[in-house]
Protein chains: 2
Amino acid sequence: MQLAVSTVIFALREPDRRSVRTGADTPRHVLSLPLVCRVREPYDGYWALPGGPLRGSEGLADAAARTLEETTGLRPAYLEQLYAFGDLDRSGSPDDHERVVSIVYWALVGQEEAAGARVGQNVRWLAADTLPDLAFDHNLIVDYALWRLRTKVEYSRIAHAFLDETFTLKELREVHELVLGRTLDPANFRRQVEASAAVVPTDSFRTGGRHRPARLYRYDTAIPPVDLGPLARPELAARSDS
Amino acid sequence: MQLAVSTVIFALREPDRRSVRTGADTPRHVLSLPLVCRVREPYDGYWALPGGPLRGSEGLADAAARTLEETTGLRPAYLEQLYAFGDLDRSGSPDDHERVVSIVYWALVGQEEAAGARVGQNVRWLAADTLPDLAFDHNLIVDYALWRLRTKVEYSRIAHAFLDETFTLKELREVHELVLGRTLDPANFRRQVEASAAVVPTDSFRTGGRHRPARLYRYDTAIPPVDLGPLARPELAARSDS
DNA sequence: TAAATAGTGTCTTTAAGACACTATGGA
DNA sequence: TCCATAGTGTCTTAAAGACACTATTTA
């Protein structure tokens with residue numbers, strides 16, 4: 001029996017230049033995740049989630065953060081356990097009866113951090129909504145992580161993890177719109193965010209557009225991004241603000 | 001490295017006869033869970049969650065259902081993965097550096113089923129809100145399971161798992177009240193349940209009280225109890241109605 | 001017929017959503 | 001000066017909660 005730890009890493013990235021849509025209302029960012037190309041059987045040549053075996057001296061979340069760092073050079077702004085997969089038919093090849101239990105985490109990476117992502121030899125970022133067939137049951141795992149991300153964005157503060165330290169309410173709203181896949185009313189969104197006390201206004205403004213500058217807000221770090229109940233010990237790696 | 005599967009099993013049981021409160025408004029049932037007394041170090045003599053190592057030929061949920069059956073003879077009406085615990089300091093004894101990763105499930109058992117629970121030599125049911133110090137990190141695990149149960153009761157249909165095939169709306173409301181620890185308005189509760197279409201009225205009534213008989217409802221099995229998104233394959237063991 | 005719970009009606013409060021409106025910096 | 005977005009006001013709708021009220025059975 002093998003025990004592995006894998007991570008579904010989400011970031012908002014510049015869309016591929018080869019992308020067809022370059023119209024006026026094309027969103028500037030695409031929800032993407034880094035995948036690793038397998039170089040041996042089973043699933044030789046298929047894309048797979050970054051991960052690896054659990055080492056003897058690290059916790060589960062540590063292992064997730066380590067493989068995340070090894071494949072992308074990034075540090076996550078948010079990290080949470082997703083699910084433990086341990087069915088017997090996961091290996092794909094019916095010959096192989098070696099059982100693999102995968103404890104999967106999911107992570108969010110900020111814009112600034114993601115921009116400097118190291119792209120290794122066998123690593124590529126793919127858009128989350130147009131994934132090819134992945135190795136093992138990794139399509140199911142990504143689908144589940146996407147579902148968790150979408151449901152959690154609506155009742156928690158994890159959307160901030162995609163942004164830099166300060167941001168306008170429009171930028172925060174666009175993160176929600178990108179994740180949820182639908183537009184949100186700017187006026188109502190503003191009121192909800194302000195009422196939730198999740199963000200704190202700063203004295204700075206984002207200028208440059210052909211319009212009135214927008215106030216910059218910052219995340220109130222005193223408020224935890226999600227309510228994990230008794231599991232409140234944060235597995236969230238500290239943000240690299242340096 | 002060892003991989004174990006444990007289960008937090010909840011049922012509503014008759015309160016202990018030794019219980020102090022026998023006043024008029026004492027609730028008839030208590031949220032309880034079966035625990036196993038350890039007979040060796042570490043934590044010799046402490047109560048612990050039922051569980052055991054994962055066998056080579058079974059899935060994770062199968063292992064949870066198996067240990068549940070072995071310790072209590074019961075079949076769960078609801079079974080869901082809770083969390084994977086794998087920190088390095090879980091063993092309790094600082095000498096023992098053997099790492100144990102526990103994949104924990106939580107289960108709900110119906111009233112009829114729980115009434116016939118087999119009580120083994122080292123098994124005892126304890127009230128969930130007055131637990132003693134348990135072995136390992138099992139207090140934290142139970143706290144988290146309780147938190148999940150309480151939050152999930154409010155937006156899903158798992159409360160039905162505690163009841164028999166047919167039940168009155170008062171009985172369903174009392175389950176919610178017992179789990180949530182507060183009273184609910186009967187009129188509003190009735191409307192919410194009816195609006196959710198989770199239950200179907202039958203033509204039978206519960207008679208016997210010194211009052212108007214209450215209509216019996218049954219759970220609409222066509223509606224899944226929870227929304228697990230892409231993980232919708234049910235891990236719920238079928239209810240033993242025989 | 002009275003006790004006790006089943007079940008209904010309706011008012012208030014709160015939050016979400018739709019959408020018109022004012023404010024202001026920059027081309 | 002006008003465009004584009006920032007930001008505000010307000011109406012409608014839906015849901016939750018409080019609580020008075022009627023209905024029906026058994027002791």
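Below, read A as the first sequence line, B as the second, and so on, with proteins coming before strands; counting in each chain starts at 1. Nothing here was measured: the structure is a model prediction, and the numbers come from that model.
One interatomic measurement links the two molecules: CD of E177(A) to P of dG17(C), which rounds to 13 Å at whole-angstrom precision. Rounded to whole angstrom, the span from the CZ atom of R206(A) across to the C1' atom of dT24(C) amounts to 18 Å. One can place CG of L216(B) at 15 Å from C1' of dG7(C), the figure rounded to the nearest angstrom. The CZ atom of R215(A) sits 13 Å away from the C1' atom of dT24(C) (whole-angstrom rounding). Across the protein-nucleic acid pair, L172(A) atom CG and dT5(D) atom C1' stand 17 Å apart, rounded to whole Å. Nucleotide dT8(C) holds its P atom 10 Å from the CG atom of L169(B), rounded to whole Å. One interatomic measurement links the two molecules: CD of Q192(A) to P of dT14(C), which rounds to 17 Å at whole-angstrom precision. Atom CZ in F205(A) sits about 9 Å away from atom P in dG25(C), given to the nearest Å.
Between R190(A) and R182(B), the residue whose closest nucleotide on DNA chain D is further toward the 5' end is R190(A).
Residues forming a salt bridge (Lys or Arg N to Asp or Glu O under 4.0 Å) with R218(A) (at least two apart in sequence, or on another chain): none. By the side-chain hydrogen bond (donor to acceptor under 3.5 Å, both in side chains) test, D143(B) pairs with no residue at all, sequence neighbours left out. Considering only residues two or more places apart in sequence or on other chains, R190(B) meets the side-chain contact (heavy atoms from CB on, under 4.5 Å) condition with L169(B), E194(B), Y217(B).
Atoms CG and CD1, from L68(A) and I9(A) in turn, are 3.5 Å apart once rounded to the nearest 0.5 Å.
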In 5'-to-3' order, the base (B), backbone-only (S) or no-contact (-) status of each nucleotide in nucleotides 18-27 of chain D, using a 4.0 angstrom heavy-atom cut-off, is BB---BBBBS
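Annotation: ring-ring contact (aromatic ring centres under 6.0 Å, His included) contacts involving residues 167-195 of chain B, sequence neighbours excluded, comprise H160(B)-F167(B), H176(B)-F189(B). The salt bridge (charged side-chain N to carboxylate O under 4.0 Å, His left out) contacts involving residues 195-211 of chain B comprise E171(B)-R206(B), where partners must be two or more places apart or lie in separate chains.
Among the nucleotides dA6(C), dT8(C), dT8(D), the one closest to the side chain of E194(B) is dT8(C).
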